[in-house]
Protein chains: 2
Amino acid sequence: MELSERKRKILQAIIRNYLETGEPVGSRTISKYTDLNLSSATIRNEMADLEEMGYILQPHTSAGRIPSDAGYRLYVDAMMLEKQKEVDDLKVELLDKEEKLDSLLKQTAKLLATNTNYATLVSSPTLHRNKLKFIQLSKVGGNQLLAVIVAEGNLIKNSILPIDEEIDDENILKLNILLNTHLNGLSIEEINLGMITMMKQQAGIHSDIIGDVIDAVAAAIHEEDDLEIYTSGTNNIFKYPELSDNQRASELITTFEEKQLLGKLVQDTLADENNTGIQVYIGNESPISEMNDCSIVTATYDLGDGMKGTIGIVGPKRMDYDKVVDNLKTVMKQLDSIYKQ
Amino acid sequence: MELSERKRKILQAIIRNYLETGEPVGSRTISKYTDLNLSSATIRNEMADLEEMGYILQPHTSAGRIPSDAGYRLYVDAMMLEKQKEVDDLKVELLDKEEKLDSLLKQTAKLLATNTNYATLVSSPTLHRNKLKFIQLSKVGGNQLLAVIVAEGNLIKNSILPIDEEIDDENILKLNILLNTHLNGLSIEEINLGMITMMKQQAGIHSDIIGDVIDAVAAAIHEEDDLEIYTSGTNNIFKYPELSDNQRASELITTFEEKQLLGKLVQDTLADENNTGIQVYIGNESPISEMNDCSIVTATYDLGDGMKGTIGIVGPKRMDYDKVVDNLKTVMKQLDSIYKQ
DNA sequence: TATTAGCACTCACACATATCGAGTGCTAAT
DNA sequence: ATTAGCACTCGATATGTGTGAGTGCTAATA
């Protein structure tokens, strides 16, 4: 069957209405709501068609219609197309400049949560792709070394390395020079076994201990530093009855607390390179099965120097996509401008 | 009125039963439950007395009785007294040795949550009271310094200091020596304005920039580094109907997400020095008003070197105090032994 | 005097029943 | 092609009715 212009309008009206009320929408409502000047009976016929086509469904026999995932998808795609032209300057409270990146990201999550009334998450950038800027070993206590690793974007990682044998200051100095001359400027992915054996050789393997330390530093560099994810407004899910029955709420809360589950989403978003910056997952499209009753809108922020991360907004399928996308765009713009100074 | 031995037994029976079932307890139940061999009528009389004394209450006229906060308090105090003697060796899965403190604490929270079926929180130690062990400044990039501050217990803090003017390596070396000779071994609280001006003088105020850097380091040291709090098992609150209506659940979830609210609890617990290690807050006794419908059991862990933190377990007022206390004690013991190696 | 049997009473809760109204699909008229 | 009209469906809401666990009180009992 063909999706006529009229059907499109009716579908859109149904969705708009449902987004607002959360109640199934009846034919009479649409008959008045739109400027089509059609009777409810006609609408009913069209609705029957739309149902057959899979864009809407009836929760039970004598109820109105609600949008199906496919219906939402159609709607969202159309909206995104609109938005591309639009350079909407939404008034959103400004993010404060924060000295620390993590405060900034936490604040971002909070701002979006209060603004949109949905649950939000923001991932911190990981230094995997970043270039090493600086490495420093220092003695702390008799049998421990502190390794400080700084990557571009001033992402810092500390690691305490236990050592078996005392190392004198001179050797530490040598090691520092060795490490920095070889590794600076490389991205973490580029540091492989070859590099490491090469360094060991150059250190002159006069003592095992030096080799051990080099290994330890390499390990520290590669160590999966667990992706930080900040969440906010989890409690917002209680504002939407369709998400807040005990079963569902419990699952969602758990997902938000066990942040590593959200990692999937973050990776998924970052992986998709060719996107315009904003992605929408509706219901089952979500990479996180616990969120199959939700919609998720994500965006990738880029603060330069390889500092990329993900912002996500999670709400009911009938979320106000329009508002969410606007908010995300505005926040991205703000993040961008904060970085540029 | 006097709290006779018999009344005490009846009260205890009521509480025990209510802890299990969560339902108001009737006189007939108690008549059989205990070995007192009293008829339900007698029990009823005693119950009327207990109610007058404020230890139990009736949710509505024709219902059984439930314990009041005062009743719980009596019960818990008696139990704690018991426990003091008891060296209970509960079988609780072992914590793994983790290289990183934060993983260990996260794991602790999780273990306790799955074991007890309540929500848990664990605070990381703060370095306020700890002695400085080591400070290091390094240049990263043209106009930025990296300050690494290590305190006893290997608590590490990084701070990027922006500087106006280039500093040469020689001066950085001098600064490092100056900072370390003066500050090492002091606790953060001991570093005051006097110290700082003293250092500035000794540095010879030949250049403003040195003074600025010293100030920045001092600021970095004192900077409130926000108390990390790890939570787990928040979803457990849904297992207790008295906590999981939307209103209450939403509040609790928010409290657990906005971790700084939990800070109050942590401070409260740490402040109380003279305790045996475990504290119980029942209902309104809680320092967090959002948790007035809950009970909270807290303990202070001490990994030595001033690394103290708080563990908390939050559940309904009818929580299994016995089990919770046992679990906490066992976990403390395990933490202790992990540290000692 | 302390305990208990007995009885009238209360009240939440479960269940059945009736009513209402928003919504539908279908048919026949326009 | 559109629409008025009508019978029908079904969730939601209100209403009535029993049921049972529980109570307090009184009078009998040990």
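Labels below follow one simple rule: chain letters A, B, ... track the order of the sequence lines, proteins then strands, and each chain is numbered from 1.
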Rounded to whole Å, please give me the gap between CG in A/D49 and P in D/dT2. 12 Å
Any donor-acceptor N/O pair under 3.5 Å between D/dT9 base and A/S62 side chain: yes
Any strand counts, and the cut-off is 3.5 Å on both contacts for Watson-Crick or G-U wobble. Which nucleotide pairs with C/dT27? D/dA4
Does B/T61 reach a base, just sugar-phosphate, or nothing at all? Heavy atoms under 4.0 Å. sugar-phosphate
Which residue is it: A/K9, A/R8, A/K7, A/R65? I am looking for the one with a salt bridge (charged side-chain N to carboxylate O under 4.0 Å, His left out) to A/E46. A/K7
When all nucleic acid strands are considered with a 4.0 Å heavy-atom cut-off, which category describes B/S40: base, sugar-phosphate, or nothing? nothing
When you check the side-chain N and O atoms of A/E257 and B/T234, is any donor under 3.5 Å from an acceptor? yes
Write down the distance between CD (A/E23) and C1' (C/dG23), rounded to a whole number of angstrom. 13 Å
Can you tell me the distance, in whole Å, between the CZ atom of A/R65 and the P atom of C/dG23? 11 Å
Is the phosphate of D/dA1, meaning OP1 or OP2, less than 4.0 Å from a side-chain N or O of A/R6? no
Base partner of C/dC13, which must satisfy Watson-Crick or wobble distances under 3.5 Å: D/dG18
Please report the distance, rounded to the nearest Å, between CG in A/N45 and C1' in C/dT24. 11 Å
Quick check: does any side chain N or O of A/S244 sit under 3.5 Å from a backbone N or O of A/A249, one acting as donor and the other as acceptor? no
Distance below 4.0 Å between A/S27 side-chain N/O and C/dT24 OP1 or OP2: yes
Between D/dG11 (P) and A/I66 (CD1): distance, integer Å: 14 Å
Nearest-angstrom distance from the residue atom CZ of A/R44 to C1' of D/dA1: 16 Å
Is there a donor on the side chain of B/S39 or the base of C/dT4 sitting less than 3.5 Å from an acceptor on the other? no
Any strand is fair game: report the nucleotide pairing with D/dG11 by Watson-Crick or G-U wobble, both distances under 3.5 Å, or none. C/dC20
Treating B/E23 as the side-chain partner and B/Y18 as the backbone partner, does any N or O pair qualify as donor plus acceptor under 3.5 Å? no
Let me know the distance between CD1 of A/I43 and C1' of C/dG25, rounded to the nearest Å. 15 Å
I need the CZ-C1' distance between B/R28 and D/dG20, as an integer number of Å. 12 Å
Closest to side chain of B/H60, choosing from C/dG25, C/dA12, C/dG23: C/dA12
Candidates B/Y118, B/Y321, B/Y72 - the one meeting side chain to side chain donor-acceptor pair (under 3.5 Å) with B/S295: B/Y321
Judged by each residue's nearest nucleotide on DNA chain C, which is more toward the 5′ side, A/Q58 or B/L38? B/L38
Among C/dT4, C/dT24, D/dG22, the nucleotide that comes nearest once only the side chain of B/A41 is considered: C/dT4
